[in-house]
Amino acid sequence: MPDTLPPNALVSLADVQAAAKVLEGNIERTELAHSRTLSAITGADVWIKFENRQYTAAFKERGALNKLSKLTEEEKRRGVIAASAGNHAQGVAYHARRLGIPATIVMAKTTPFNKVEHTRNHGARVILEGMIFDEAKDYALKLGEKEGLVFIHPFDDLDIIAGQGTIALEMLADQPDLDTLLVPIGGGGLISGIATAAKALKPDIKIIGVEAAMYPCMHAALRGKTPKMGGATIAEGIAVKEVGKLTRQIAEQLVDDILLVEEEHLERAITLFAEVEKTIAEGAGAAGLAALLAHPSRFYGRKVGLVLCGGNIDTRLLASVLTRALVRENRLARIRIIGDDRPGLLALVSKIIGDNGANIMEVAHNRIALDVPAKGAEFDILMETRDSQHTQEVIDALAQAGYPPRAL
């Protein structure tokens with residue numbers, strides 16, 4: 001297949017194919033699977049590339065191994081240093097240990113605990129510095145210069161980009177008729193590599209990037225704007241304040257559009273991956289599906305490949321997301337009942353709720369609220385129901401019994 005990239009392309013199809021040979025047998029060739037349920041929900045023909053099934057649960061192994069394989073023996077002896085929100089850290093640490101290369105990783109203090117621990121477990125020296133990736137990167141550059149370490153950039157490096165592009169080779173080998181790829185964007189290494197390979201193999205394929213609305217750096221860069229950025233996004237893996245110089249050039253040539261997604265859609269995408277596909281996605285990994293949910297008409301009827309790029313989400317955060325989904329779907333409902341402060345009232349209310357098939361999760365009993373009569377009592381009840389209709393049925397039953405609740 002001829003390389004149909006622009007003549008001034010920074011990375012070629014041949015570079016990506018060479019990277020694929022380096023990676024063969026050293027990483028997982030992850031599955032590309034069709035999702036009938038997500039296709040029905042979104043209206044697109046949805047195919048998922050499960051990069052969360054890599055050994056380190058993220059795609060970053062690809063670029064890291066390709067870069068490490070290019071180091072000279074002298075560079076390997078000196079050791080490497082990297083800055084990362086977590087997934088690049090694990091990829092570098094894991095493959096550096098495999099290759100006998102000393103590794104130091106600088107991670108932001110806000111990095112999820114599980115990513116920090118996994119990186120340490122791969123044998124790397126871990127340093128927590130700064131509150132966001134960019135601050136961690138600045139520290140890593142200074143420390144690397146001081147200690148003579150080779151800096152392994154998480155995205156703005158041609159070998160890294162070529163390594164990430166191997167994902168597109170596999171996707172199009174498995175499903176040549178994909179017409180759209182939805183790819184998360186942080187610094188741009190993943191989408192640069194994927195766009196390079198995909199456009200060379202299939203020039204008419206659409207490459208659509210996805211960024212968290214709180215960190216729209218590539219979206220703004222390609223439009224010549226200065227973005228407003230900041231906030232505690234659930235997609236910390238793509239929360240960067242500045243894209244790479246190389247990745248920006250490639251994106252300008254090869255990326256067709258960039259969409260922004262809000263936190264609600266990221267949370268819903270994480271939930272759907274768990275409920276429908278029985279798989280774990282971190283916020284960045286769920287960005288492609290979030291874009292489908294946010295812009296369904298844009299992709300209706302198209303054959304879309306989603307890159308589920310990582311699954312390293314803190315378990316407490318995952319639990320919170322799944323619980324919030326129950327609240328959003330009104331399967332967890334909090335109601336307030338005010339009645340007489342007399343023995344047996346709570347038992348009566350509980351019986352009505354139980355008889356109607358709902359489950360009480362929590363009860364808070366308040367007798368001293370000033371908006372409650374002196375001889376009254378206030379109950380805040382958190383109950384679990386099947387859905388919104390079931391919640392309303394329970395509320396109606398309480399009202400008919402003389403205890404009309406107020407939704408909180």
Pair H34-D45, side-chain donor/acceptor within less than 3.5 Å: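 D45 and H34 do have a side-chain donor-acceptor pair below 3.5 Å.
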
Do [X] and [Y] have side chains that get closer than 4.5 Å, going by heavy atoms?
X    : Y    : result
L293 : T42  : yes
I280 : F273 : no
D355 : I353 : no
V363 : D380 : no
Q164 : I194 : no

Listed partners of E267 passing salt bridge (charged side-chain N to carboxylate O under 4.0 Å, His left out), at least two apart: R324, R328

Residues that R331 engages under salt bridge (charged side-chain N to carboxylate O under 4.0 Å, His left out), provided they are two or more places apart: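 R331 satisfies salt bridge (charged side-chain N to carboxylate O under 4.0 Å, His left out) with E275, E329 only.
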
Pairing residues for Y215 by the ring pair (Phe, Tyr, Trp, His ring centres under 6.0 Å) criterion, not counting sequence neighbours: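 None.
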
Pairing residues for T166 by the side chain to side chain donor-acceptor pair (under 3.5 Å) criterion, not counting sequence neighbours: R62

Side chain to side chain donor-acceptor pair (under 3.5 Å) partners for S35, two or more places apart: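 By the side chain to side chain donor-acceptor pair (under 3.5 Å) rule, S35 matches E277.
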
Given 3.5 Å as the limit, does a donor-acceptor pair link the side chain of [X] with the main chain of [Y], or not?
X    : Y    : answer
T247 : F155 : no
E282 : N312 : yes
D156 : L246 : yes

Check against side chain to side chain donor-acceptor pair (under 3.5 Å), Q175 and K303: CA-CA 10 Å; Q175 283 296 324; K303 191 159 189 173; 3.2 Å; yes

R53 NZ/CZ over F50 ring centroid, <6.0 Å and within 45° of normal: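 Ring-cation test returns yes.
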
Residue pair K115, E236: steps toward the salt bridge (charged side-chain N to carboxylate O under 4.0 Å, His left out) verdict: CA-CA 12 Å; K115 292 185 179 181; E236 79 286 335; 2.9 Å; yes

Going by an N to O cut-off under 4.0 Å, is there a salt bridge joining [X] and [Y]?
X    : Y    : value
K70  : D15  : no
R77  : E73  : no
D257 : R298 : yes

side-chain hydrogen bond (donor to acceptor under 3.5 Å, both in side chains) contacts touching residues 137-150 (sequence neighbours left out): R125-E147

